[in-house]
Amino acid sequence: MRKSGTIVTRQILFPLFLCILALTACQPRKRAALPIFVDANAESGLDFVHVNGMNGGYLFPEIQGPGVALFDYDNDGDLDVYLVQGGYLEDTGTSDRPTTRLIDRLYRNDLVVSADGSRHVRLHDVTVAAGLDAGRYGMGVTTGDYDNDGDIDLYLSNFGDNQLWRNNGDGTFSEVSEESGTGDSRWSHSAVFVDIDRDGWLDLLVVNYVDFRLGNRKACSDATGAMDYCGPFAHAPVPDRLYRNLGDGRFEDISAKSGLRQPGSGLGVVSGDFNQDGWPDLYVANDAMPNHLWINQGDGRFLDDALMLGTAVNSEGQPEASMGVVAGDVDGDGDEDLFITHLREETNTLYVNDGNGEFREKSIASGLAAASRGFTGFGAALLDFDLDGWLDVVVVNGAVRAVQSESQRRRAFPYGQPNQLFRNQDGHYIEVSDQVPVLAFEESSRGLAAGDIDNDGDPDLIIANANGPARLLLNTHRDAEWLGLRLIGKSGRDAIGASVTLRRADGRPMFRRVRVGGSYLSAGDPRLLFGLAGNAAITGLAVAWPDGSCERWSGLALNRYHELVQGKGGTTDKDCDGED
């Protein structure tokens with residue numbers, strides 16, 4: 001006999017008659033599903049709280065940070081966490097200021113795998129032991145092995161001089177900002193490592209915002225006339241900075257000769273090969289100014305083709321308050337699309353690539369526009385949370401103008417908004433935020449990093465909140481086959497910029513690119529995850545390496561991570577379409 005709610009063979013006529021009248025009344029009761037993501041702060045030991053140092057003066061940087069990074073700093077196979085701290089720009093004149101010095105924090109992940117196969121993230125603060133004394137007013141962080149020694153290094157963007165921290169390979173870091181020549185003193189936000197000239201060394205783009213200094217502050221107000229934080233037009237925009245890696249620990253500033261001279265109030269950045277010519281391009285999200293799409297010319301120069309290619313402004317020809325940006329193949333056609341977060345009353349924007357590097361805005365048609373109008377989006381991620389092979393969207397929100405309802409509740413920092421999750425259903429997005437109660441917390445979220453922190457084959461999230469606690473959200477989805485890849489280039493480091501085309505037995509290609517940058521002020525997992533729900537068979541898998549070569553792999557076992565090393569184990573091929 002089945003459980004209550006189903007039809008029992010000895011009770012046929014009357015229940016059957018009722019079922020004909022109302023089929024839904026006789027359906028089996030479904031068990032309550034677990035939330036898609038659950039808050040794992042308490043279990044993991046994550047106790048970081050960001051401090052923005054607000055003192056009533058509404059200093060511009062207080063509303064902007066912080067970021068977060070997921071990276072394996074100790075090469076033990078699991079992701080560790082780096083969280084950017086703010087601080088105090090001025091003396092508050094009160095006794096509530098903490099007595100301990102505020103610095104960024106590094107948490108080592110000591111992942112525990114129990115006998116029953118369950119996994120438990122255990123985060124331990126190792127900042128002091130690692131020698132990381134990053135005590136400037138922090139904005140963001142990015143990661144990359146700039147010296148090709150096999151250990152992932154850190155680049156920190158600050159309000160004030162930026163910092164490059166070299167990973168020594170023994171659990172410690174050394175600051176090399178001055179000798180490397182990367183200590184940009186302008187107010188920087190996001191940054192990204194990418195090999196722009198394909199010489200095997202990671203170069204660095206640093207996105208700068210506006211010329212705000214404590215000495216040139218301006219008084220700004222909201223619509224009611226009350227004092228509030230300024231917007232980007234209160235100060236002049238400044239140009240970004242592009243550094244070329246010389247391969248000896250030093251970087252050369254090539255901003256001018258590369259063509260990246262145009263000022264912009266930059267907040268977010270992502271790299272990708274948008275026109276599929278084999279050279280990495282750069283997309284910069286600017287606040288209230290046209291965005292930049294820097295197309296790599298292959299000779300050290302870049303041209304901003306954002307306007308011609310359809311990604312500078314929205315469909316109405318207006319620039320928007322772009323914050324976070326991510327790139328990925330949202331419609332499953334083998335090229336990279338762009339998703340950008342925006343200010344409340346604007347909408348988040350989806351630009352879909354036509355395969356030739358030209359884009360069409362499909363924000364409304366995709367289902368991503370209307371649901372975003374009431375929020376100010378910052379960090380974003382494209383990830384396949386349910387492992388069905390389609391890239392879903394996560395957006396973390398937080399106001400930049402005081403939220404009246406929170407002010408009335410006398411919140412000290414009244415800029416909180418709930419966050420959002422959208423499921424991709426064959427290229428159309430459905431909001432499923434109600435299935436993640438922790439996303440309903442009204443916090444002022446900024447940075448967002450995605451990665452498989454418990455190594456169970458699905459992507460997890462870590463959110464960096466302004467003037468509040470960071471949050472680790474673990475994915476509870478367990479119902480699909482998957483394949484994980486870490487790509488290592490000839491340099492011995494993560495092959496940032498490499499791409500993989502995987503073909504399933506149903507003929508559908510899946511395209512993913514290795515990157516850590518994107519989102520807002522943050523860096524994520526460089527590994528690639530392929531969800532295979534509904535059709536686990538793989539008929540082809542090809543890797544396009546950053547140097548232009550292609551290799552094919554076969555026979556990879558499912559439900560585990562594989563390390564694919566360039567020139568070892570793969571078969572050289574003339575193309576990278578994944579077809580046998």
Checklist entry - Going through the distances and angles, do R244 and D197 end up as a salt bridge (charged side-chain N to carboxylate O under 4.0 Å, His left out)? => result CA-CA 9 Å; R244 179 176 177 267; D197 49 8; 2.8 Å; yes

Next on the checklist: Please check this pair: side chain of D452 against backbone of P459, looking for a donor-acceptor N/O pair closer than 3.5 Å.
Outcome noted: no

Item to check | Closest contact, heavy atoms only, E62 versus F413 | outcome: O-CZ, 4.2 Å

Checklist entry - Any donor and acceptor pair, going by atom type alone, linking the side chain of H189 with main-chain N or O of L267 inside 3.5 Å? => result no

Next on the checklist: For D211, is there an ion pair with R186 - N to carboxylate O distance below 4.0 angstrom?
Outcome noted: no

Next on the checklist: If we ignore hydrogens and angles and just use 3.5 Å, is the side chain of D281 paired with the main-chain N or O of N296 as donor and acceptor?
Outcome noted: yes

Next on the checklist: Is any side-chain heavy atom of P280 closer than 4.5 Å to one of D273?
Outcome noted: no

Checklist outcome for this item: D305 meets the salt bridge (charged side-chain N to carboxylate O under 4.0 Å, His left out) criterion, sequence neighbours left out, with none

Item to check | S185 side, atom OG; N158 side, atom CG - distance, nearest 0.5 Å | outcome: 11.5 Å

Next on the checklist: If we count only N and O atoms by modelled type, under 3.5 Å, do the side chains of D151 and N75 hold a donor and an acceptor together?
Outcome noted: yes

Next on the checklist: Assess, by modelled atom type and distance only, whether the side chains of Y209 and D287 contain a donor and an acceptor separated by less than 3.5 Å.
Outcome noted: yes

Checklist entry - Is there a side chain to side chain contact (heavy atoms under 4.5 Å, CB included) between V206 and Y243 once you walk through the steps? => result CA-CA 8 Å; V206 180; Y243 296 98; 3.8 Å; yes

Checklist entry - For G310 and Y351, which heavy atoms make the closest approach, and how far apart are they? => result O-CE2, 3.2 Å

Next on the checklist: Which heavy atom of Q64 sits nearest to which heavy atom of Y520, and what is that distance?
Outcome noted: O-OH, 2.8 Å

Checklist entry - Do you see a donor-acceptor pair shorter than 3.5 Å between the side chains of S322 and N286? => result no

Item to check | Residues E90 and R217 bridged, charged N to O under 4.0 Å | outcome: yes

Checklist entry - T349 and E320: side-chain donor and acceptor closer than 3.5 Å? => result yes

Item to check | Residue pair D110 / H124, side-chain donor-acceptor N/O under 3.5 Å | outcome: yes

Checklist entry - Sub-3.5 Å donor-acceptor pair from the side chain of N419 to the main-chain atoms of N397, do we have one? => result yes

Checklist entry - Would you call L132 and I103 a side-chain contact if the rule is heavy atoms closer than 4.5 Å? => result no

Item to check | Salt bridge present between E336 and R513 (N-O < 4.0 angstrom) | outcome: yes

Checklist entry - Does a side chain donor of either N465 or S445 reach within less than 3.5 Å of an acceptor in the other side chain? => result yes

Checklist entry - Have D304 and H292 got a donor and an acceptor in their side chains that come within less than 3.5 Å? => result yes

Checklist entry - Mind checking whether F173 and E175 have side chains closer than 4.5 Å, heavy atoms only? => result no

Item to check | Step-by-step side chain to side chain contact (heavy atoms under 4.5 Å, CB included) determination, V81 to L106 | outcome: CA-CA 6 Å; V81 178; L106 173 65; over 6 Å; no

Item to check | Within-4.5 Å side-chain heavy-atom neighbours: L383 and L391 | outcome: no

Item to check | 4.5 Å side-chain heavy-atom contact, T127 and D104 | outcome: no

Checklist entry - Is it true that a side-chain atom of R515 and a backbone atom of A498 form a donor plus acceptor pair closer than 3.5 Å? => result no

Checklist entry - Would you call D133-R101 a salt bridge at under 4.0 Å N-O? => result yes

Checklist entry - Is the charged tip of R446 near the ring of F378: under 6.0 Å from the six-membered ring centre and within 45° of its axis? => result yes

Item to check | Pair Y73 and Y82, ring centroids less than 6.0 Å apart | outcome: no

Checklist entry - Do Y155 and W165 have side chains that get closer than 4.5 Å, going by heavy atoms? => result no

Item to check | No-hydrogen, no-angle side-chain donor-acceptor test under 3.5 Å, Y107 and D47 | outcome: yes

Checklist entry - Are Q566 and D547 close enough that a side-chain donor and a side-chain acceptor fall under 3.5 Å? => result yes

Checklist entry - Side chain of D228, backbone of C230: donor and acceptor closer than 3.5 Å? => result no

Next on the checklist: Donor-acceptor check, side chain of N167 to backbone of G171, threshold 3.5 angstrom: yes or no?
Outcome noted: no

Next on the checklist: On a heavy-atom basis, which atom in N168 and which in S174 lie closest, and how many Å separate them?
Outcome noted: ND2-OG, 3.0 Å

Item to check | R122 atom CZ: more than 12 heavy-atom contacts under 6.0 Å | outcome: yes

Checklist entry - Got E551 and W545 here, is their nearest side-chain heavy-atom distance under 4.5 Å? => result yes

Checklist entry - For residues S157 and N162, is any side-chain donor paired with an opposing acceptor at under 3.5 Å? => result no

Checklist entry - Where is the tightest heavy-atom contact between R493 and I496, given as atom of each residue plus distance? => result NH1-N, 4.0 Å

Checklist entry - Charged N to carboxylate O below 4.0 Å: is that the case for D494 and R527? => result no

Checklist entry - For K568 and E563, what are the C-alpha separation, side-chain angles and deciding distance, and is it a salt bridge (charged side-chain N to carboxylate O under 4.0 Å, His left out)? => result CA-CA 10 Å; K568 297 181 180 181; E563 190 171 275; over 6 Å; no

Checklist entry - Where do E178 and V176 land on the side chain to side chain contact (heavy atoms under 4.5 Å, CB included) test, with the steps shown first? => result CA-CA 6 Å; E178 184 174 350; V176 293; over 6 Å; no

Item to check | Separation between CZ of F274 and OH of Y283, rounded to the nearest 0.5 Å | outcome: 9.0 Å

Next on the checklist: Would you say the rings of Y415 and Y229 are close, in the sense that their centroids are separated by under 6.0 Å?
Outcome noted: yes

Checklist entry - Below 6.0 angstrom between ring centroids: does that apply to F60 and W187? => result yes

Next on the checklist: Applying side chain to side chain contact (heavy atoms under 4.5 Å, CB included) to N455 and L111, what does each step give before you reach the verdict?
Outcome noted: CA-CA 9 Å; N455 282 346; L111 184 64; 4.1 Å; yes

Checklist entry - What are the two closest non-hydrogen atoms of N348 and T341, and how far apart are they? => result OD1-CA, 3.2 Å

Item to check | Polar side-chain atom of D72 near backbone of D76 as donor-acceptor pair, under 3.5 Å | outcome: yes

Next on the checklist: Tell me whether the count of non-hydrogen atoms from other residues, nucleotides or ligands lying under 6.0 Å of CD in Q297 goes above 12.
Outcome noted: yes

Item to check | Criterion side chain to side chain donor-acceptor pair (under 3.5 Å) on D203 and Y146, from CA distance to verdict | outcome: CA-CA 7 Å; D203 310 298; Y146 81 92; over 6 Å; no

Checklist entry - Got a donor-acceptor contact below 3.5 angstrom from the S255 side chain to the L242 backbone? => result yes

Next on the checklist: Between N41 (side chain only) and A470 (backbone N and O only), is there a donor and an acceptor less than 3.5 Å apart?
Outcome noted: yes

Checklist entry - Is R166 paired with D153 through a side-chain N to carboxylate O contact shorter than 4.0 Å? => result no

Checklist entry - Is there side-chain contact between I462 and L448, with at least one heavy-atom pair below 4.5 Å? => result no

